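Notes to accompany the following structure.
Throughout, residue positions are numbered sequentially from 1 according to the sequence presented. Just so it is clear, the structure is predicted and the values come from calculations on it, not from any experiment.
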Amino acid sequence: MKKMVFIILKTLGIIIGIVVLYVALAYLLPFIEVSAKEDGQKKEIPVYIYTNGVHTDIVMPVKNDLQDWSTKIPFNNIRSKQTDYNFVGIGWGDKGFYLDTPTWSDLKFSTAFKAAFWLSESAMHCTYYKTMKEDNNCKMIMISRNQYKNLVDFVDKKFDKDSGGNYILVPTDAVYGNNDAFYDAKGKYSFLNTCNTWSNDALKEAGQKAAFWTPTDYGIFLHYK
């Protein structure tokens, strides 16, 4: 009996230790900044970092001479069907988390558990905007054409595609509004690789300031105050 109690206490101690270590690293590592990389080109393309308080998106122009997102993310797949949007926000994350947790108040233990331990699929959340406005939840950065090409390539590779190379729409009514849709994505979400970790990696790929590692939106935005 004593041996069983010892094993249980030891297991609990290990679990608590892992949680404490994770919280400490999640707080401290974001303060380590990965510096922006200059490529000598003119910064002419506006890109926004946007958070809804849970998920962080990278917001890009709908169309320029380098990329037309409307051909890959059709306006017909959003409720409004409108075609006069100027920006599209894209974020990667756990499919269950996206569909069931638009805000922290909607979070369920089962959703969080599956998301944390690689037990569910991932999705891309795509949202169209007519205008973007900088505030505490939205920061604009200007990047070069080469940096934008790298960013587009990074984002595109995360989408799951059918045999024809098309993005695969997730048929669901659990969208956030009239201007967004979900698509199947590659990779597994976990407590080590979150939606915000992905956005942070996207910034690195585009040669922009980023956190060394972060599971939260705070870790990104602290470098863009």
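- Two different hydrophobic clusters hold Val155 and Met142 under the rule that ILVMFWY side chains link at heavy-atom gaps under 4.5 Å.
- In this structure a side-chain-to-backbone donor-acceptor pair under 3.5 Å is present from Asn196 to Thr56.
- Residue-environment remark: CG (Asp135) exceeds the threshold of 12 foreign heavy atoms within 6.0 Å.
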Take Asp57 and Tyr48, measure what side-chain hydrogen bond (donor to acceptor under 3.5 Å, both in side chains) needs, and give me the verdict at the end.
CA-CA 8 Å; Asp57 288 348; Tyr48 295 82; over 6 Å; no
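- Note on ring orientation: taking the six-membered ring where Trp is involved, the planes of Phe159 and Tyr167 are parallel (angle under 30°, cut-offs 30° and 60°).
- Under the 4.5 Å side-chain heavy-atom criterion for ILVMFWY residues, a single connected hydrophobic cluster contains both Ile58 and Val62.
- Side-chain atoms of Gln147 never come within 3.5 Å of backbone atoms of Arg145 as a donor-acceptor pair (strictly under, hydrogens ignored).
- Counting all heavy atoms, side chain and backbone alike, Asp39 lies closest to Ser144 at OD2-OG, 2.5 Å.
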Walk me through whether Lys43 and Glu38 qualify under salt bridge (Lys or Arg N to Asp or Glu O under 4.0 Å).
CA-CA 10 Å; Lys43 310 299 183 186; Glu38 291 297 331; 3.4 Å; yes
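- Across every non-hydrogen atom of Pro215 and Thr197, the tightest pair is CA-OG1, 3.7 Å.
- Side-chain N or O atoms of Lys209 include none that pairs as donor or acceptor with a backbone N or O of Ala36 at under 3.5 Å.
- Counting only heavy atoms from C-beta outward, the side chains of Tyr183 and Lys158 never approach each other to under 4.5 Å.
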For Lys149 and Asp153, run salt bridge (Lys or Arg N to Asp or Glu O under 4.0 Å): C-alpha distance rounded to whole Å, both residues' side-chain angles, the deciding distance at 0.1 Å, then the answer.
CA-CA 6 Å; Lys149 288 178 184 178; Asp153 186 58; over 6 Å; no
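- A single hydrophobic cluster is not seen to contain both Trp213 and Val34; linkage of ILVMFWY side chains at heavy-atom distances under 4.5 Å, directly or through other members, places them apart.
- Between Asp184 and Lys161 there is no salt bridge, since no side-chain N of the basic residue sits under 4.0 Å from a carboxylate O of the acidic one.
- In this structure the side chain of Leu222 reaches within 4.5 angstrom of the side chain of Pro30, judged on heavy atoms.
- Tyr27 and Leu29 are members of different hydrophobic clusters when ILVMFWY side chains are connected at heavy-atom separations under 4.5 Å.
- Note: Ile78 CD1 to Lys81 NZ = 8.0 Å, rounded to the nearest 0.5 Å.
- Using a 4.5 Å heavy-atom threshold, the side chains of Phe212 and Glu33 count as separate.
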Stepwise, does the side-chain contact (heavy atoms from CB on, under 4.5 Å) test hold for Glu205 with Leu151?
CA-CA 6 Å; Glu205 194 67 23; Leu151 177 61; 5.7 Å; no
Could you check Tyr85 against Ser70 for side-chain hydrogen bond (donor to acceptor under 3.5 Å, both in side chains), going step by step and ending with a plain yes or no?
CA-CA 10 Å; Tyr85 294 102; Ser70 66; over 6 Å; no
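- The distance between the ring centers of His125 and Tyr176 falls below 6.0 angstrom.
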Evaluate side-chain contact (heavy atoms from CB on, under 4.5 Å) for Ser122 paired with Lys95, printing each intermediate quantity in order.
CA-CA 5 Å; Ser122 59; Lys95 184 182 288 187; 5.8 Å; no
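- Separating the CG atom in Asn77 from the CG atom in Leu169 is a distance of 4.5 Å, to the nearest 0.5 Å.
- In this structure, Asn200 and Ala210 approach most closely via the heavy-atom pair OD1-CB, 3.3 Å.
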Derivation of the side-chain contact (heavy atoms from CB on, under 4.5 Å) call for Val152 and Leu66
CA-CA 9 Å; Val152 168; Leu66 298 177; over 6 Å; no
Could you give me the CA-CA distance, side-chain angles and deciding distance for Asp201 and Leu203, then say whether side-chain contact (heavy atoms from CB on, under 4.5 Å) is met?
CA-CA 5 Å; Asp201 289 342; Leu203 292 170; over 6 Å; no
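- Between Asp94 and Lys188 no salt bridge is recorded (no basic side-chain N to carboxylate O distance below 4.0 Å).
- Of all heavy-atom pairs spanning Cys138 and Tyr50, the tightest one is CB-CD1, 4.0 Å.
- Of the possible polar contacts, none joining the Thr194 side chain to the Phe191 backbone as a donor-acceptor pair under 3.5 Å is found.
- The closest side-chain donor-acceptor pair between Lys72 and Gln67, if any, does not fall under 3.5 angstrom.
- For Asp65, the CG atom counts as densely surrounded, since its 6.0 Å shell holds more than 12 non-hydrogen atoms of other residues, nucleotides or ligands.
- With Phe221 as the aromatic partner, Lys139 does not meet the cation-pi criteria of under 6.0 angstrom to the ring centre and within 45 degrees of the ring axis.
- Contact record, Thr214 with Gly219: OG1-CA, 3.3 Å, taken as the closest heavy-atom pair.
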Donor-acceptor pairs under 3.5 angstrom involving side-chain atoms of residues 126-133: please list them, not counting sequence neighbours.
from: Tyr128; atom 1: OH; to: Ile73; atom 2: O; distance (Å): 2.5
from: Lys130; atom 1: NZ; to: Gln82; atom 2: OE1; distance (Å): 3.0
from: Lys130; atom 1: NZ; to: Asp84; atom 2: OD2; distance (Å): 3.4

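- Connection of Trp92 to Phe87 is not established within any shared hydrophobic cluster, with ILVMFWY side chains joined at heavy-atom distances below 4.5 Å, either directly or through further cluster members.
- Pairs of residues two or more places apart, or lying in two chains, that qualify as ring-ring contact (aromatic ring centres under 6.0 Å, His included) and include a residue from residues 132-157 are Phe154-Trp198.
- Arg79 meets the salt bridge (charged side-chain N to carboxylate O under 4.0 Å, His left out) test with no other residue; sequence neighbours excluded.
- Shown here for Gly93 and Cys195, the closest heavy-atom pair between the two residues is CA-CB, 4.1 Å.
- Formation of a donor-acceptor pair under 3.5 Å by the Lys186 side chain with backbone atoms of Asp160 is not found in this model.
- Checked by atom type and distance alone, the side chain of Gln41 pairs as donor or acceptor with a backbone atom of Asn146 at under 3.5 Å.
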